[in-house]
2 protein chains.
Amino acid sequence: MFTETIRRNVSQQPAARVVQPVKVKPVGLDGPIEKMGAPMQFGRGAEIYGEGEPTDYVYKVVSGAVCTYRVLTDGRNQVESFYLAGDIFGFELGGEHSLSAEATINSKLLMMRRSAIIALAERDSSVARQLWMISAKELQRAQEHLILLVKTAQERVVCFLLEMAARTPGANEIDLPMSRRNIADYLGLTIETVSRVVTQLESSGAIVLDTSRHIILRSRKALSCMNS
Amino acid sequence: MFTETIRRNVSQQPAARVVQPVKVKPVGLDGPIEKMGAPMQFGRGAEIYGEGEPTDYVYKVVSGAVCTYRVLTDGRNQVESFYLAGDIFGFELGGEHSLSAEATINSKLLMMRRSAIIALAERDSSVARQLWMISAKELQRAQEHLILLVKTAQERVVCFLLEMAARTPGANEIDLPMSRRNIADYLGLTIETVSRVVTQLESSGAIVLDTSRHIILRSRKALSCMNS
DNA sequence: CGACCATTTGATATGGATCAAGCGATGTGG
DNA sequence: CCACATCGCTTGATCCATATCAAATGGTCG
């Protein structure tokens with residue numbers, strides 16, 4: 001059982017309301033893996049785990065969003081992936097995390113003991129298969145991301161918007177659950193460049209910025225032409 | 001059994017001597033997976049498989065070198081990975097290859113039926129584990145590659161040289177089994193930039209270019225300072 | 001209302017791309 | 001065996017996309 005009290009640093013940013021981790025009811029989650037999970041809250045900017053920490057837990061996003069990233073020697077953060085509701089992350093093969101993870105907005109996560117999952121996978125081959133699929137998806141995502149990084153700034157931003165739209169229920173509206181900084185770190189650009197491209201996409205009529213985080217895709221066709 | 005005769009396109013480049021695939025004796029290879037393999041020769045530049053082709057075979061490099069890549073819409077090739085002697089590649093989860101693969105120099109490969117390997121994995125859990133490890137390594141490699149692509153040209157080239165040195169037996173000498181074009185496509189740079197950086201590394205005394213493909217690392221320390 | 005961030009916008013600098021030419025090795029045909 | 005064609009690589013000159021530096025704007029919360 002999972003009974004210990006875990007406290008996580010909640011971001012130092014003044015903006016981050018200090019949300020102490022509390023257990024909440026698991027809702028809308030099924031499957032043998034999720035059954036073992038303990039739900040926790042993480043405030044915006046809160047570190048979930050750091051590079052080099054032991055891979056004791058695997059996480060599932062119940063609500064909110066998480067990014068995994070690596071801190072480069074020059075201080076930049078390279079974001080590897082964003083995880084949205086329903087996504088599982090933190091399942092790395094080695095004994096310690098090769099990336100850090102933090103909540104990009106206030107988020108509710110299911111924490112599951114890695115050892116329990118692995119034990120379960122040994123008894124239940126469908127679980128083993130599920131884990132395998134998670135890794136495979138992760139690799140695919142990394143490969144797509146790799147391609148992104150050799151494109152132009154406009155192409156990167158457009159790809160990102162289309163990717164987010166595809167992963168979000170509402171067809172042509174996206175609520176970006178991360179800051180421009182997070183996006184820039186994902187795309188290997190500066191926040192200024194991201195901002196400029198977004199502005200320019202709006203001028204061209206391809207998108208509308210309802211607010212900076214709520215974007216409406218006006219013309220998929222126009223965007224698709226720009227994404228590569 | 002694997003008895004059909006397979007012919008592969010050997011590069012159109014005049015430089016590529018036309019080496020017809022022939023079966024050769026498997027040497028220095030053990031393990032249940034390798035036992036099932038049929039050795040084949042591929043000439044420099046020969047395509048091993050193309051994006052979208054069915055993932056019928058898994059390959060092991062006996063000698064030579066292979067790269068996997070994706071063709072971008074603007075005609076560039078983004079190289080995802082290089083595979084050297086001993087490396088296994090082509091094992092993708094979906095039914096078709098998401099990347100293309102070609103020999104960067106004349107190479108000898110072991111071709112194994114994917115279905116046979118999967119069947120074997122179901123009977124032999126150690127094989128399943130081995131496959132798992134291959135995927136995990138692949139993901140790690142992709143993540144490192146991702147980081148590479150947000151660095152400066154010099155850092156990328158230095159990282160590449162150090163990576164190759166680490167994967168090569170001879171401690172401080174590397175025989176690059178690929179062209180500048182392959183390297184540039186891997187690093188997301190132009191051949192001119194790669195060439196300039198290499199030249200500059202030689203001027204600084206960090207390396208010596210015996211020939212353009214045979215490089216001696218003079219000062220690991222100096223290189224390590226530059227790799228990030 | 002006022003402070004604080006996040007984001008946008010503007011001006012300038014620069015690293016790497018592009019365009020172009022030269023060089024050196026390797027193989028070919030006379 | 002040598003002249004030549006070819007290809008891979010290097011070197012040079014210029015241009016441009018994006019970074020950097022700087023400042024204005026806007027949204028949110030106390």
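Keep in mind that what you see is a predicted model, and the values were worked out from it rather than measured. In what follows, chains carry the letters A, B, and so on, assigned in the order in which the sequence lines appear, proteins first and then strands, with residues in each chain numbered from 1. What's counted below: heavy atoms across the whole structure, side chains too, no hydrogens, waters or symmetry copies.
The side chain of S212(A) lies closest to dT8(C), out of dT8(C), dC21(D), dT10(D). Listed nucleotides dT10(D), dA17(C), dT20(D) differ in distance to T193(B); the shortest reach to its side chain belongs to dA17(C). With dG16(C), dT8(C), dC9(D) as the candidates, the nucleotide lying closest to the side chain of S195(B) is dC9(D). Looking at the side chain of A153(A), the nearest of the listed nucleotides dA22(D), dC19(C), dT18(D) is dT18(D).
Contact annotation for T199(A): backbone-only contact, meaning every heavy-atom pair under 4.0 Å involves sugar-phosphate atoms and none involves a base. No contact: T211(A) has no heavy atom under 4.0 Å from any strand. Heavy atoms of S179(B) sit under 4.0 angstrom from primed sugar atoms or phosphate atoms, though from no base atom. Within 4.0 Å (heavy atoms only), R213(B) reaches sugar-phosphate atoms of the nucleic acid but no base atom. Using a 4.0 Å heavy-atom cutoff across all strands shown, L209(A) reaches sugar-phosphate atoms only and no base atom.
Under the 30°/60° scheme for interplanar angles, the aromatic rings of Y59(A) and F42(A) are found to stand perpendicular.
Map R181(B) and R196(B) each onto its nearest nucleotide of DNA chain D; the residue landing nearer the 5' end is R181(B).
Between the CD atom of E202(A) and the C1' atom of dT9(C) there is a distance of 14 Å, given to the nearest Å. Straight-line distance from the CZ atom of R180(B) to the C1' atom of dT11(D): 14 Å, rounded to whole Å. As a whole-Å value, the separation of L148(B) CG from dG16(C) P is 13 Å.
Considering only heavy atoms from C-beta on, T68(B) comes within 4.5 Å of Y49(B) through its side chain. Side-chain atoms of D56(A) and R114(A), non-hydrogen and from C-beta on, never get closer than 4.5 Å to each other.
Checking the phosphate oxygens (OP1, OP2) of dA17(C), a side-chain nitrogen or oxygen of T190(B) falls inside 4.0 Å.
Crowding of R218(B) atom CZ: a count of heavy atoms from other residues, nucleotides or ligands under 6.0 Å not exceeding 12.
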